[in-house]
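Keep in mind it's a predicted model, so treat the numbers as computed, not measured. Every chain is numbered from 1 and lettered A, B, ... according to where its sequence line falls, protein lines coming before strand lines.
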Amino acid sequence: MNDANNSAVPAGGPVPGPVRVRFAPSPTGTLHVGSARTALYNYLFARHLGGSYILRIEDTDVARSSSEHERSIMADLAWLGLEWDEGPDIGGDFGPYRQSERSAAGLYAHAAQRLLDEGKAYYCFCSQERLEEQKARMLARGEMPKYDRRCAALEREEAAARAAAGEPATIRFRVPETAIEVTDIIHGRTDFSSGVIGDFIIMRSDGGASYNFAVVVDDIAMAITHVIRGEDHLTNAARQVLVFQAMGHEPPAWAHHSLIMGPDGAKLSKRHGATSVGDFRGMGYLPSAIINYLALLSWSPAGEREKLSKEEMVGEFELQRVSKSPAIFDLQKLNWLNGLHIRDLELEDLRQALVPFLKAAGGETAAGGEAMGIATGAEKSSGRLAVAETAVQTSLVTLAEAPGLIEEFFMLTPLAESEAARELKEEGSGAVLEMALADERRWPDAGDGSAEAVTQALEAARALIKEWKKACKQSDILPKRLFRTLRIALTGRESGPELPFLLSGLGSGTIRQRLQAAKEFTS
RNA sequence: GCCCCCAUCGUCUAGUGGCCCAGGACACCGCCCUUUCAAGGCGGCGGCGGGGAUUCGAAUUCCCCUGGGGGCACCA
């Protein structure tokens, strides 16, 4: 990969070979929007540069990890459209892609042994209690807690023998006295002193690798060139740089993006309400709107556009245009974007997206009668449903609002109960009703509800209304009289969907009955 | 407590020394369009946390303060 784009990646020195990034969730819960944004940035970065985007499951914490979570995370990522090039399900040349499997293959133990042999790591036999006591003491003294290196001085063979004999032991990384420099594409240079980092554990007493070790071993093995992740990992980078050096490898280029905050300024969490991708899916947000919003949360394209498709984002995404400051999650802006994305949907896609919501609403609002009869999918009514869905499309903020609005579309107020019905007694109303009734055979029908059928029905309706309007003009009836009479006659209300939608969506039986009732009402 | 990060309208951002008495977007308010409600169009409200320093000139550079956030595990 030596295209011009690569020159736009300054930090971390020249990166030979193709760009390889990874998203590495631990399957201890569902996919959080914050993680989704991390995945998105990795995805956009890789796609923009023609590199590879890898999914790695970090399940070294057996107690908290579960395969259900792994499945749901993968399903959510796929739903968002962030397909990976290598991963546990599809494999790849750098597998396995689950840390549990890598651990079982002895990959971490082997790497740890090497560090042990080179004196860059050592066995530690300190008890949990002693460590906790020590930590408390340091905290009380106002120091940054770190291991006091009691076991660092142990004789190597002797320690190895004790460990081999089965004495519970961890393996600690021997932190060298050195200045640490983390060069970050988003943040620039950050300096740490190894003095504040204690000799951290790289292998637990249960034989599992700890996070800071497993990550480095895997990033090396998987030839990761750029690590894009949340800022909560910035201080981990300091440790990881040390491990990379100990293992004789250049660290990758780092990019730590800011975190997403709740309205109160604290890291977004459950107590702020919806936080997982699944929550938002359930609330009726489109994946395209979610990734659009998430991207904009701290990245901005060069121009002033706000609504972008995934493809457009891939085309323009650059890490150097990601802002450093934390961003507060703003549901109102997501709502706005969601509305725009819904309006962009082709009818077929809209109908598809609406299915689960209509199904879910079907049971609860059975009182909707006809509306729900249609919503639950009576075949011959699907044309009318399609019209209602189209009618409602421009006012939707979320898909979840659709059932209610569609129900309203079909739920007509009886004239006897209608305030507005008085107006039907106005001069001209009778003539309008006669005229509409006389044209019954020209009332549009949306047939099977296909996009073409709906479009045709709507066009026919507009043409019909246009003619009526012309006829009214000749009889000195105001257009307003035409529109209001028909609307009130059909729905019993003064506001609602445009007339063409009503005419093609209500169904000829209903229309005939309503118009006739209105006619009787006028006299 | 210690270490690290961050700091432009209520919110998300543009801005990399003069083009900025700061541009866009969401929200809010008003107007237009419209048979109605939306959508859409137009306009309004509103901001560089504070103090020093550098400079002819600072939102942009440096220092201090303040505020916010993250990290300090045999979790990731």
### Task
Taking atom P in both B:rC62 and B:rC72, compute the distance separating them and give it to the nearest angstrom.
29 Å
### Task
Using distance alone, with no hydrogens and no angle criterion, decide if A:R229 and A:H257 have a side-chain donor and acceptor under 3.5 Å apart.
no
### Task
Just name whichever nucleotide pairs with B:rA7, Watson-Crick or G-U, keeping both distances under 3.5 Å, else none.
B:rU66
### Message
Can you tell me if A:R137 touches the phosphate of B:rG1, counting only side-chain N or O atoms and a distance under 4.0 Å to OP1 or OP2?
### Response
no
### Query
Base, sugar-phosphate, or nothing for A:I57, non-hydrogen atoms under 4.0 angstrom?
nothing
### Task
Test the A:R172-A:Y147 pair against the cation-pi criterion, namely NZ or CZ under 6.0 angstrom from the six-membered ring centroid and within 45° of the ring axis.
yes
### Query
Considering residues at least two apart in sequence or located in another chain, which fulfil the ring pair (Phe, Tyr, Trp, His ring centres under 6.0 Å) criterion with A:W299?
A:F317
### Message
Taking side chain to side chain donor-acceptor pair (under 3.5 Å) as the criterion, tell me which of A:N335, A:N338, A:T398 meets it with A:Y285.
### Response
A:N335
### Task
Please work out if A:R229 contacts a base, only the sugar-phosphate, or nothing of the nucleic acid, heavy-atom cut-off 4.0 Å.
nothing
#### Entry: B:rG1 and B:rG51, which share atom name P, separated by this distance in whole Å
26 Å
### Message
Between B:rC20 and B:rC26, how far apart are the two C1' atoms, rounded to whole Å?
### Response
23 Å
### Query
Is the closest basic N to carboxylate O distance between A:E70 and A:R98 below 4.0 Å?
yes
#### Entry: B:rA27 to B:rA38 separation - P atoms, rounded to the nearest Å
13 Å
### Query
Could you state the interatomic distance from CZ (A:R189) to CG (A:D184), rounded to the nearest 0.5 Å?
11.0 Å
### Message
Give me the distance, rounded to whole Å, that separates B:rG47 from B:rG15 when you measure between the C1' atoms they each carry.
### Response
13 Å
### Task
In whole angstrom, give me the gap between the C1' atoms of B:rA73 and B:rU11.
36 Å
### Query
Once you round it to whole Å, what is the distance between P of B:rA39 and CG of A:N335?
12 Å
### Query
Between A:E316 and A:R321, is there a side-chain N and carboxylate O pair less than 4.0 Å apart?
no
### Task
Please state how far atom CZ in A:R189 lies from atom C1' in B:rC5, giving the value in whole angstrom units.
17 Å
#### Entry: Watson-Crick or G-U wobble mate for B:rC20, both contacts under 3.5 Å
none
### Per-nucleotide protein contact string for nucleotides 62-67 of chain B, where B marks a base within reach and S marks sugar-phosphate only (heavy atoms under 4.0 Å, - for neither)
------
### Message
In this structure, is the centre-to-centre distance between the rings of A:Y211 and A:H233 below 6.0 Å?
### Response
yes
### Query
Which whole number of Å gives the distance between the P atom of B:rU13 and that of B:rC56?
35 Å
### Task
Any strand is fair game: report the nucleotide pairing with B:rC42 by Watson-Crick or G-U wobble, both distances under 3.5 Å, or none.
B:rG30
### Query
To the nearest angstrom, how far is A:E318 atom CD from B:rA14 atom C1'?
15 Å
## Note on the structure
To the nearest angstrom, the CD1-P distance between A:I328 and B:rA7 comes to 14 Å
### Query
How close or far is atom P of B:rC12 from atom CG of A:L308, stated in whole angstroms?
19 Å
### Query
salt bridge (Lys or Arg N to Asp or Glu O under 4.0 Å): which pairs involve residues 208-218 of chain A, sequence neighbours left out?
A:R56-A:D218, A:R102-A:D218
### Query
B:rC5 phosphate, OP1 or OP2: any side-chain N/O from A:H256 under 4.0 angstrom?
no
### Message
With a 6.0 Å cut-off on the ring centroids, do A:H272 and A:F329 count as close?
### Response
no
### Task
For nucleotides B:rA58 and B:rG49, find the distance between their P atoms and express it as a whole number of Å.
16 Å
### Message
Between A:E498 and A:R487, does any side-chain N to carboxylate O distance fall below 4.0 Å?
### Response
no
Give each protein N/O atom lying under 3.5 Å from an N/O atom of nucleotides 69-76 of chain B, with the pair distance.
unit_1 : atom_1 : unit_2 : atom_2 : d
B:rG71 : O2'    : A:T235 : OG1    : 2.8
B:rC72 : O2'    : A:P145 : O      : 3.2
B:rA73 : OP2    : A:K135 : NZ     : 3.4
B:rC74 : O2     : A:S205 : N      : 2.9
B:rC74 : O2     : A:S205 : OG     : 2.7
B:rC74 : N3     : A:S205 : OG     : 2.9
B:rC75 : OP2    : A:R204 : NE     : 2.5
B:rC75 : O2'    : A:D61  : OD2    : 3.0
B:rC75 : O2'    : A:R64  : NH2    : 2.9
B:rA76 : OP1    : A:T60  : OG1    : 2.6
B:rA76 : OP1    : A:R204 : NH2    : 2.7
B:rA76 : OP2    : A:Y211 : N      : 3.2
B:rA76 : O3'    : A:E58  : O      : 3.4
B:rA76 : O3'    : A:E58  : OE1    : 3.3
B:rA76 : O2'    : A:S26  : OG     : 3.2
B:rA76 : N6     : A:N236 : OD1    : 3.3
B:rA76 : N6     : A:N236 : ND2    : 3.3
B:rA76 : N1     : A:N236 : ND2    : 3.3

### Task
In plain terms, say whether A:R137 and A:D148 are close enough for a salt bridge, that is, a side-chain N and a carboxylate O under 4.0 Å apart.
no
### Summary
Readout for nucleotides 23-38 of chain B: B = base within 4.0 Å of protein heavy atom, S = sugar-phosphate only, - = neither; 5' to 3' it is SBBSS-------BBSB
#### Entry: Check: A:H32/A:S35 side-chain N/O donor and acceptor closer than 3.5 Å
no
### Query
Quick one: does NZ or CZ of A:R162 land under 6.0 Å from the six-membered ring centre of A:F125, within 45 degrees of the ring axis?
yes
### Query
Does one side chain, of A:N212 or A:Q240, offer a donor that lies under 3.5 Å from an acceptor on the other?
yes
### Query
In whole angstrom, what separates A:Y147's OH from B:rC2's P?
25 Å
### Query
Within this structure, what is the CD-to-C1' distance between A:Q320 and B:rA14, rounded to whole angstrom?
16 Å
### Query
Is A:D206 salt-bridged to A:R204, going by a charged N under 4.0 Å from an acidic O?
yes
### Task
Please list, by residue number, the residues of residues 288-298 of chain A whose heavy atoms come closer than 4.0 Å to an atom of RNA chain B; answer none if no residue qualifies.
A:L296, A:L297, A:S298
